[in-house]
Amino acid sequence: MARLAELHGVATAYSPSPGVSVPVPDDTVVAVLAALGVDASTPEAVDDALSGAESAGARRLLPATLVLWTTQDGAPGAQGEPPVPLAPAPPPPELPPALTALPPGSVLRVETEEGESVELPHSAPEEPAAWARLPLGVHRLAVEAPDGRTAWVVLIIAPAVVPRAPARTHGFLVQLYSLLSARSWGMGDLGDLAELAGWSGRTLGAGFVQINPLHAAVPGDPTDPSPYRPSSRRFPDPVHLRIEDVPEYAYVRGADRARLDALVERAAALRESVLDKTPGKGALIDRDAVWALKRAALDILDTVPLGPGRRAAYWDFLAAQGRALEDHATWCALAEVHGPEWHDWPEALRDPRSAETAAARRELLNRIDYHCRLAWLTDEQLAAASQAAVDAGMAVGIVHDLAVGVHPGGADAWAQQDAFAAGISIGAPPDAFNALGQDWGLPPWRPDVLAASGYAPFRGLLQGLLRHAGALRIDHVMGLFRLWWVPQGQDPTRGTYVRYDAEAMLAVLALEAHRAGAVVIGEDLGTVEPGVREALQRRGVLGTSVLWFERDWEGTGRPLPPESWREGCVATVTTHDLPPTAARLTGEYAELRHRLGLLTRPLEQERSEEQAEIAEWLGSLARLGLLPGGGGDEEEEIRAFYRFLTLTPARMIGVWLPDAVGDRRPQNLPGTWNQYPNWRLPVADAEGRPMSLEELAASPRLHGLMEVLRAP
């Protein structure tokens, strides 16, 4: 069974730390293989499956997907490491072993994605130069061996590296929903994003704004506010629309105008309730209340006929998005009728390609068109926000975020059922931070289906996200290499790693980022397999470096000197899953976790260790001359932490927006659900009073911090 598991990329043991090996339970391996379509339930089944897999491998001329990396001189290479800015000089490029192992005399023909047919010389398997005239793209390679065997495989020709940030730059990290302006309808929207980009680019010299995932959510009662458990990662959620910026808004007349004006007044009241500065009065962000108002407004706008130019633009959008958008909109329409969990729908409707689903599409055509139109309107406002960043002179622009997975009952899981492993969710194994492991409740993609499709689901996802992105952050980027699979009903401790073809995943990523001209950032925090950071670095993917985690772990254990940080990263002091810096400095974060029963040790012990860590960091800052006042002043200490980042070679420096105004409250407190208002807090000042975008823009504290980053 170990050999069978290895052939399918399933680990039978894993190493949580150097020199330690933990065996995976046999029943876990059996369950994971079953999710990959392999029967290993009995010794006889294992023998049959192994024999079949080895026999198929012996007959196979090439793997289902093949990767060639283009080198700087235009000749392709694969497996050999082409030169990139952030890595040592590699060996000369070479073709992948699968090509060089083809039988002599094999005939090769490439059908490019543009429809051109290119015959390759018989010497092509041994000569990299023979491939030089092939363009970047996802092509089809036909092979005919002298013994009569044939194969059609996907050939991905990708640039050696993703685009690089044009210069050292800084910008804000912000959860968009938390940023309300005087024009918001109760939560931050795409109009606010455009304003933030335009203001910070022009006034503060910011080069980017990094936001949370804007993926479409699964509707609920209430809707899960987490942006990291979406219905679809391919399409954004229309809850982020600025209603007044929809062109049809200006043409509403009569009774509909009165109804629309009443909705605007109700939205203003909702916004003011969130921004109320009266102690104890400020409300949480209520996504469902916001959506109820926006949906009512969009229903009115949907009755306004599109002008000829607008209609043509809409049709172009429909044509460009194709079946993916039709499936997404169909799921949305069916969810209105049958509920948001497709596993509970009538059986025939659980299949997106069934005759009954086709009939439902016809019956629900108006609702499907409605949801397609919302996707188009959202896409338009995403484009406007991106253009606002460009117009403000931002070097990078809007940094969008790709969540690691999707909700099992949502639109993507319904439309792409064959690509997801049934009965499995992804998570993390036990580690020093969580002895019980983690189960995120998100189904994984099947690596075999991805490879057989030429990574079509991944390509489509990236194309959608990169349409209006200056950069893309990939949450848990280690998932391009392997993911921790947990069989349904099992504890996370009884999972195992399943490996993906990282070479192909990175090639698709590099190709689509190149076409979009977008920088790529990987969230590589936590347990990272040896070699992963190096592989990402070779392809120009930036990592994520958080100040509190940057220590000389293999030596003194002390804070890592700034000159020892890596260049290829986004450097920041904190993130959405960590406390704001003010909460760490004051000890309020430890007290919060104590009140919620999250500490496993006495509060005084926890505070003592935190204070020692902070004192160590402040001492380092003082020795570097970054604390001219000697400490003791919260604002000055926070500025000193960000001054430290300017001494590192980091390519990008991210400022957590709540840090700029002294907010104490974390946006997300891991380990909590209803005990804490995760993902529902507006940005607030040091006293916990909500702040609008206009107030943020006028904040002396914010401007004082940002001057640190603008200093030569």
Side-chain angles (χ1 to χ4, degrees), residues 173-178 188 193 209-220 223-240 287 324 328 331 340 375 378 382 398-416 419-421 424-428 438-445 450 455 457-469 471-486 500 505 508-509 512-513 518 520-526 541 544 570 575-578 667-668 670 673 678-680:
L173 315 178
V174 60
Q175 300 285 290
L176 181 58
Y177 60 82
S178 72
L193 177 59
V209 173
Q210 179 178 308
I211 56 175
N212 56 283
L214 302 184
H215 308 322
V218 177
T223 297
D224 184 348
S226 172
Y228 291 95
R229 191 174 160 82
S231 170
S232 173
R233 296 187 293 175
R234 174 74 180 269
F235 296 101
D237 199 306
V239 75
H240 300 108
R287 181 192 182 103
H328 174 71
W331 181 91
T378 311
L382 283 168
I398 308 300
V399 182
H400 286 276
D401 198 354
L402 171 60
V404 69
V406 295
H407 192 287
D412 285 0
W414 175 73
Q416 301 175 11
F420 288 98
I424 300 289
S425 63
I426 59 174
Q438 300 175 57
D439 183 343
W440 302 330
L442 310 171
W445 270 334
L450 286 179
Y455 293 82
F458 189 41
R459 284 188 281 126
L461 173 59
L462 292 175
Q463 289 163 4
L465 288 168
L466 290 168
R467 279 173 61 83
H468 308 301
L472 180 66
R473 173 190 180 271
I474 302 179
D475 190 42
H476 194 72
V477 71
M478 298 81 79
L480 300 181
F481 296 77
R482 65 178 186 177
L483 282 170
W484 184 256
W485 285 27
V486 181
Y500 293 76
M505 298 284 272
V508 170
L509 178 61
E512 298 303 338
V520 180
I521 302 160
E523 187 270 299
D524 56 350
L525 303 174
V541 177
T544 302
V570 176
T575 74
H576 60 266
D577 282 332
L578 295 172
Q667 283 293 318
N668 178 49
W673 176 243
N678 295 318
W679 318 112
R680 288 174 287 167

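Throughout, residue positions are numbered sequentially from 1 according to the sequence presented.
- A heavy-atom distance below 4.5 Å is found between the side chains of Pro227 and Gln175.
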Point to revise | Residue pair Arg234, His328: steps toward the side-chain contact (heavy atoms from CB on, under 4.5 Å) verdict | key: CA-CA 9 Å; Arg234 174 74 180 269; His328 174 71; over 6 Å; no
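- Residues passing the salt bridge (charged side-chain N to carboxylate O under 4.0 Å, His left out) test with Asp412, sequence neighbours excluded: none.
- The two residues Asp237 and Ala217 come nearest to each other via the heavy atoms OD2-N, 2.8 Å.
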**Study point:** side-chain contact (heavy atoms from CB on, under 4.5 Å) between Met505 and Phe481, intermediate numbers included
**Key:** CA-CA 8 Å; Met505 298 284 272; Phe481 296 77; over 6 Å; no
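- Residues His400 and Ile211 are in side-chain contact: their nearest non-hydrogen atoms beyond the backbone lie under 4.5 Å apart.
- Panel note: side chain Glu523, backbone His476; a donor-acceptor pair is recorded below 3.5 Å.
- Within the model, atoms CG of Leu402 and CG of Asp475 stand 8.0 Å from one another, a figure rounded to the nearest 0.5 Å.
- Pairing each heavy atom of Pro225 with each of Trp679, the nearest pair is O-CB, 3.6 Å.
- The two residues Leu465 and Ala469 make their nearest non-hydrogen contact at O-CB, 3.6 Å.
- Between Leu450 and Pro457 there is a side-chain heavy-atom pair separated by less than 4.5 Å.
- The closest donor-acceptor contact from the side chain of Tyr500 to the backbone of Trp445 lies under 3.5 Å.
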Exercise for review: Let me see the working for Leu442 and Phe420 under side-chain contact (heavy atoms from CB on, under 4.5 Å), right down to the final yes or no.
Suggested key: CA-CA 10 Å; Leu442 310 171; Phe420 288 98; over 6 Å; no
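- Side-chain atoms of Asn212 come within 3.5 Å of backbone atoms of Leu176 as a donor-acceptor pair (strictly under, hydrogens ignored).
- No side-chain heavy atom of Phe458 sits less than 4.5 Å from a side-chain heavy atom of Glu512.
- To the nearest 0.5 angstrom, Leu578 atom CG is 12.5 Å from Gln667 atom CD.
- For the side chain to side chain contact (heavy atoms under 4.5 Å, CB included) criterion with Arg233, the lone passing option out of Asp401, Leu462, Leu461, Leu214 is Leu461.
- Not a single donor-acceptor pair under 3.5 Å links the side chain of Ser232 to the backbone N or O of His215.
- Taking every heavy atom of both residues into account, Pro340 and Trp331 meet most closely at O-CZ2, 3.2 Å.
- Counting heavy atoms from C-beta on, the side chains of Val477 and Val520 never come closer than 4.5 Å.
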Check your understanding: Is there a side-chain contact (heavy atoms from CB on, under 4.5 Å) between Val399 and Val570 once you walk through the steps?
Key -> CA-CA 11 Å; Val399 182; Val570 176; over 6 Å; no
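- Side-chain contact between Leu382 and Ile398 is absent, with no heavy atoms from C-beta onward closer than 4.5 Å.
- Remark: side-chain polar atoms of Asp524 are paired, donor with acceptor, to backbone N or O of Thr544 under 3.5 angstrom.
- Not less than 6.0 angstrom separates the ring centroid of Tyr228 from the ring centroid of Trp440.
- Of all non-hydrogen atoms in Thr378 and Pro236, the two that sit nearest each other are CG2-CG, 3.6 Å.
- Across all their heavy atoms, Gly441 and Arg229 have their closest contact at O-NH1, 3.1 Å.
- The closest donor-acceptor contact from the side chain of Ser231 to the backbone of Ala411 lies under 3.5 Å.
- Under the 4.5 Å side-chain criterion, counting only non-hydrogen atoms from C-beta, Ile426 is not in contact with Trp484.
- Taking 4.5 Å as the limit, some side-chain heavy atom of Leu466 sits within range of a side-chain heavy atom of Leu472.
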